[in-house]
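A short worksheet on the structure shown next.
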Amino acid sequence: MSLGAGPLIIAIDGPAAAGKGTLARRIAAHLHIPYLDTGLLYRAVGRRVLDAGADPADPRAAEAAARALTDADLARTDLRGPEADRAAAAVASIPGVRAALLAFQRGFGAARGAVLDGRDIGTVIFPDARLKLFVTASLEARARRRWLELQARGVAAELATVTADMQARDAADAARAAAPLRPAEDAILLDTTALDADQAFAEAMAHVGAG
Ligand code: CDP
């Protein structure tokens, strides 16, 4: 690992269900630094807006929800699933929502360093991160993983629907004007289509070691 200045920040970005969370959690545990799933922030904002009976695409409602976010919101058990996916992506396209969540994310990594996963960690939140990984996998592989996750949680879903929803959300995340999903110029691409969790971890750690 390099002797760069400041806390060790590892940024992990990529499309839905690419394996970011599993990988980020393992790296953080291995390095004994905190982990933040930034997608949860957008999911929790989306949930608050839905609770208020408002439209997640409404900037005023979404920004108010983002400013009012608490730790308890992040611990909710209804942050996953198709409705939460759509609400998260809708609020995430609103610049004021992203602005309201910026300081928390930067502060999270400030003291002890951190691994963060999301869409814009390497491009916007921590452009100077020590290591940036952009984790991808084929749409088919990602949709199958998400479908298996839903099944494990007892949620009935058609693979074709999961695939179509995921493709639409990725396209929206990549096309939006505010912090679009894209690899940072200095990100290392990690394609997990043919890798299991152990293999992805080994590959990522080779870059941590080389960083
Ligand atoms: O788990 P999955 O990869 O499906 O999604 P997630 O990481 O929980 O993110 C849910 C949604 O939040 C994404 O589709 C993005 O629209 C948004 N998001 C974002 O804009 N920026 C982040 N740093 C993290 C998530």
Side-chain angles (χ1 to χ4, degrees), residues 1-44 74 79 88-89 92 95 97-139 141-142 145-146 149 166 169-170 173-211:
M1 209 172 312
S2 77
L3 295 174
L8 171 61
I9 300 290
I10 298 181
I12 303 188
D13 292 305
K20 303 183 299 288
T22 305
L23 179 62
R25 210 171 271 115
R26 285 185 66 166
I27 295 173
H30 187 82
L31 296 175
H32 304 289
I33 56 178
Y35 161 60
L36 180 63
D37 171 0
T38 65
L40 278 187
L41 303 174
Y42 297 91
R43 291 173 177 278
L74 302 181
L79 299 180
V97 168
R98 309 198 71 87
L101 301 176
L102 185 80
F104 172 76
Q105 294 174 80
R106 291 212 174 127
F108 185 88
R112 297 173 48 208
V115 182
L116 298 92
D117 83 62
R119 302 292 185 285
D120 64 339
I121 308 305
T123 50
V124 175
I125 308 295
F126 285 107
D128 297 327
R130 198 90 58 86
L131 176 68
K132 300 179 185 178
L133 295 174
F134 194 85
V135 183
T136 60
S138 70
L139 176 65
R142 294 186 293 109
R145 285 176 197 161
R146 184 51 45 93
E149 275 170 29
M166 185 170 279
R169 185 154 60 93
D170 288 340
D173 285 346
R176 70 188 179 205
L181 168 67
R182 64 173 175 81
E185 273 178 20
D186 51 350
I188 292 162
L189 299 187
L190 181 56
D191 186 330
T192 67
T193 305
L195 304 182
D196 64 21
D198 287 346
Q199 291 167 324
F201 176 66
E203 188 141 326
M205 287 311 294
H207 294 293
V208 173

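Since we're looking at a predicted model, the values are computed, not measured.
For the pair Asp186 and Lys132, the salt-bridge criterion is met [side-chain N within less than 4.0 Å of a carboxylate O]. With respect to the salt-bridge test (charged N to carboxylate O, under 4.0 angstrom), the residues Arg142 and Asp170 qualify.
Looking at every heavy atom in both residues, Glu149 comes nearest to Arg146 through OE1-NE, 2.9 Å. Minimum heavy-atom separation, Pro15 to Thr136: CD-CG2, 4.1 Å. In this structure, Arg130 and Gly6 approach most closely via the heavy-atom pair NH2-O, 3.0 Å. Asp173 and Ala89 get closest at one heavy-atom pair: OD1-CB, 4.0 Å. In plain terms, the two heavy atoms of Ser138 and Thr193 that are nearest each other are N-OG1, 2.9 Å. Scanning all heavy atoms of the two residues, the minimum distance from Pro183 to Thr123 falls at C-CG2, 4.3 Å.
The backbone N or O of Asp196 sits less than 3.5 Å from a side-chain atom of Gln199, completing a donor-acceptor pair.
Applying the salt bridge (Lys or Arg N to Asp or Glu O under 4.0 Å) test to Asp120 and every residue at least two apart in sequence or in another chain returns Arg98.
The side-chain heavy atoms of Phe134 and Asp191, taken from C-beta on, include no pair separated by under 4.5 Å. The closest side-chain heavy-atom distance from Asp13 to Val135 is not below 4.5 Å.
Inspection of the Thr192 and Arg145 side chains reveals an N or O donor paired with an N or O acceptor under 3.5 Å.
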Worksheet item: Between Leu40 and Leu79, does a side-chain contact (heavy atoms from CB on, under 4.5 Å) hold up when you go through it step by step?
Response: CA-CA 7 Å; Leu40 278 187; Leu79 299 180; 3.8 Å; yes
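Taken from CZ in Phe126 to CD1 in Ile9, the straight-line distance is 4.0 Å, to the nearest 0.5 Å. With rounding to the nearest 0.5 Å, the separation of CD1 in Ile10 from CG in Asp117 is 12.0 Å. Annotation: the span from Leu74 atom CG to Asp37 atom CG amounts to 9.5 Å, rounded to 0.5 Å.
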Let me have the donor-acceptor pairs involving side chains of residues 22-33, under 3.5 Å, with sequence neighbours excluded, atom names and distances please.
from: Arg26; atom 1: NH1; to: Asp198; atom 2: OD1; distance (Å): 2.8
from: Arg26; atom 1: NH2; to: Asp198; atom 2: OD1; distance (Å): 3.2

Return all side-chain donor-acceptor pairs below 3.5 angstrom for residues 101-116, not counting sequence neighbours, or 'none' if the list is empty.
from: Gln105; atom 1: NE2; to: Leu101; atom 2: O; distance (Å): 3.0
from: Arg106; atom 1: NE; to: Ile125; atom 2: O; distance (Å): 2.8
from: Arg106; atom 1: NH2; to: Val124; atom 2: O; distance (Å): 2.9

